**Student:** 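One structure, pasted below without further comment.
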Protein chains: 2
Amino acid sequence: MIKLSTKGRYGTRLMINLAGHFKAGQDAVILKNISDEEDISIRYLEQIIIPLKIAKLVKSIRGAGGGYTLARSPSKIRLCEILEVLEGSCCLVECVDDSDFCRRTDSCAAHEIWAEASRVLKDYFDQFTLQDLLSIQEKKKAQARSHGSLRPAGRTSCGQAHRRRASGAH
Amino acid sequence: MIKLSTKGRYGTRLMINLAGHFKAGQDAVILKNISDEEDISIRYLEQIIIPLKIAKLVKSIRGAGGGYTLARSPSKIRLCEILEVLEGSCCLVECVDDSDFCRRTDSCAAHEIWAEASRVLKDYFDQFTLQDLLSIQEKKKAQARSHGSLRPAGRTSCGQAHRRRASGAH
DNA sequence: GGAATTTCAACACAATTTTATATGATTACT
DNA sequence: AGTAATCATATAAAATTGTGTTGAAATTCC
Ligand code: FES
Ligand code: FES
């Protein structure tokens, strides 16, 4: 699938959410809040936000009245930064970053392709800041409203994996 | 990482290998051969080649003297086809293909981005045929020879995962 | 016809990574 | 002190990434 991991997907939504609150003037949002709004488990959000904090994309405020907030304004944070922090890098294969990963790169045609594809993808993600994503979101919301095409439930959201839940009680 | 799975990587190398033999006029290559040349387990190759056969990208010939061969000439097989067969699709997230996967796509900014990024990536992979990859490979080999920059071992190859093998005998 | 070679099918198994959930300690505000 | 929040581990379920085995079916060669 060449799939984006859930960390990348959830993390992006987490950051978009924080960006929204940032714009609204709030300075600390608690994870419970984000968890409710985005329908992602708090426990998982706690794990996802750690690398974002280490990378100084978000700031944490401990104790009562604390929470998280963006470390910079949404227009100063690029999607590419978020993904690199959460996915390790935007590289499609290890040997693009780590030349020791596979020998025979001298004769491997695929290596060229993966490397260039990684660059193409990175360049694409580098175009967008959180501010851009916020703008897209607002435009979409306005469109959905005017269009009157409200989805029935609208509870869960992108990247959500709680679909096949056949395993019963656990 | 937005990583390409091993199936995509190994499968691409498998196809490049078949393409090489196809060009050389051989009409059936046995997996043992590919396994030795590419340093990928036969058992795993057997699993990987099944979808390629179903998708009619390779033909199988049973019995003694049999093996596998490309179903079409290398110039008629695009990298994108191979990856779509092995990775399910080139989509970065499920909701791009499956609109039921996540609700709230109406207001999800990320959805737009993932969808467009998937298209960018697919377009990139669509550029190359197996013939192109063969040409790249030959050019690289020639370069490596003339350059005299032979790597010490040169045994294993791209996408190979046999690195940290600390778990002892098994 | 029989032996050898090869794909094909169906499992069982294990290591690792991904994807989460659970529990409790730590910090800071009131 | 009490509460609200982050922070730190531990654990578990599931998917990915393989390897191993056993045999059946098809085809070639002798
Ligand atoms: S709706 Fe699927 S990514 Fe957000
Ligand atoms: S050398 Fe790493 S992909 Fe081939």
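Quick caveat, the model's predicted, so the values are computed rather than measured.
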**Student:** Choose from D/dT17, C/dT7, D/dT19 the nucleotide whose nearest atom is closest to any side-chain atom of B/Ser41.
**Tutor:**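 It is D/dT19.
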**Student:** Looking at the side chain of B/Arg43, which of C/dT7, D/dG20, D/dC7 is the nearest nucleotide?
**Tutor:**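 Of the candidates, D/dG20 comes closest.
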**Student:** Residues from residues 48-65 of chain A sitting under 4.0 Å of DNA chain D, heavy atoms only?
**Tutor:**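 Here the set is A/Lys53, A/Ser60, A/Ile61, A/Arg62, A/Gly63, A/Ala64.
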**Student:** Note the angle between the end axes of the helix from C/dG1-D/dC30 to C/dT30-D/dA1, five pairs defining each, rounded to 10 degrees.
**Tutor:**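 Result, rounded to 10 degrees: 10°.
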**Student:** Given atom CG of A/Leu31 and atom C1' of C/dT21, what is their separation to the nearest angstrom?
**Tutor:**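 Taking CG of A/Leu31 and C1' of C/dT21, I get 15 Å after rounding.
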**Student:** From CG of B/Leu45 over to P of C/dC8, roughly how many Å is that when rounded to an integer?
**Tutor:**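 Interatomic distance, CG of B/Leu45 to P of C/dC8: 13 Å.
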**Student:** Using whole Å, what does the distance between atom C1' of nucleotide C/dT18 and atom CZ of A/Arg9 come to?
**Tutor:**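 Result: 12 Å.
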**Student:** List the residues meeting salt bridge (charged side-chain N to carboxylate O under 4.0 Å, His left out) with A/Lys23, not counting sequence neighbours, and say none if there are none.
**Tutor:**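 Once residues adjacent in sequence are excluded, A/Lys23 has no partner under the salt bridge (charged side-chain N to carboxylate O under 4.0 Å, His left out) criterion.
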**Student:** In whole Å, what is the span from the NZ atom of A/Lys7 to the P atom of C/dT17?
**Tutor:**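 My rounded result for the distance is 13 Å.
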**Student:** Just to verify, which of A/Arg72, A/Lys56, A/Lys76 counts as forming a side chain to side chain donor-acceptor pair (under 3.5 Å) with A/Glu81?
**Tutor:**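 Testing each of A/Arg72, A/Lys56, A/Lys76 against A/Glu81, the sole residue satisfying side chain to side chain donor-acceptor pair (under 3.5 Å) is A/Arg72.
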**Student:** Nearest whole angstrom, please: distance from the C1' of C/dA22 to the CD of A/Gln47.
**Tutor:**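 Spelled out: CD on A/Gln47 to C1' on C/dA22 is 11 Å.
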**Student:** C/dT5 C1' sits how many Å from B/Asn33 CG, rounded?
**Tutor:**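 Atom CG in B/Asn33 sits about 14 Å away from atom C1' in C/dT5.
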**Student:** Within the distance-only criterion (no hydrogens, no angle test), does the side chain of B/Glu87 pair as donor or acceptor with the backbone N or O of A/Ile2 below 3.5 angstrom?
**Tutor:**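 Yes, because the side chain of B/Glu87 sits within donor-acceptor range (under 3.5 Å) of the backbone of A/Ile2.
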**Student:** Could you tell me if the side chain of B/Ile136 sits less than 4.5 Å from the side chain of B/Lys140, heavy atoms only?
**Tutor:**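 The answer is yes, as the side chains (C-beta and beyond) meet within the 4.5 Å cut-off.
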**Student:** Between B/Tyr10 and D/dT17, is there a contact of a side-chain N or O with OP1 or OP2 at under 4.0 Å?
**Tutor:**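 So the side-chain polar atoms of B/Tyr10 never come under 4.0 Å of the phosphate oxygens OP1 or OP2 of D/dT17.
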**Student:** Quick one: B/Tyr68 OH to C/dT5 P, roughly how many Å, whole number?
**Tutor:**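 From B/Tyr68 OH to C/dT5 P: 18 Å.
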**Student:** Do A/Glu46 side-chain and C/dT21 base share a donor-acceptor contact under 3.5 Å?
**Tutor:**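 For A/Glu46, whose side chain was compared with the base of C/dT21, there is no donor-acceptor pair (under 3.5 Å).
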**Student:** Do B/Leu86 and B/Tyr10 have side chains that get closer than 4.5 Å, going by heavy atoms?
**Tutor:**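 A side-chain contact is absent here, since even the closest heavy-atom pair is not under 4.5 Å.
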**Student:** Side chains of B/Ser5 and B/Arg9, heavy atoms from C-beta outward: is any pair under 4.5 Å?
**Tutor:**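 No. Closest side-chain heavy atoms not under 4.5 Å.
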**Student:** If only atom types and distance count, is the side chain of A/Asn33 paired as donor or acceptor with the main-chain N or O of A/Ile30 below 3.5 Å?
**Tutor:**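 A pair under 3.5 Å: no.
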**Student:** Any chance you could lay out the side-chain contact (heavy atoms from CB on, under 4.5 Å) test for A/Tyr68 and A/Val29, step after step, and finish with the verdict?
**Tutor:** CA-CA 5 Å; A/Tyr68 291 95; A/Val29 186; 5.7 Å; no
**Student:** Answer yes or no: is there a side-chain heavy-atom contact under 4.5 Å between B/Ile82 and B/Ile77?
**Tutor:**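 Touching, per the 4.5 Å side-chain cut-off.
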**Student:** Once you round it to whole Å, what is the distance between C1' of D/dC7 and CD1 of A/Ile30?
**Tutor:**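 Going from A/Ile30 (CD1) to D/dC7 (C1'), I get 15 Å.
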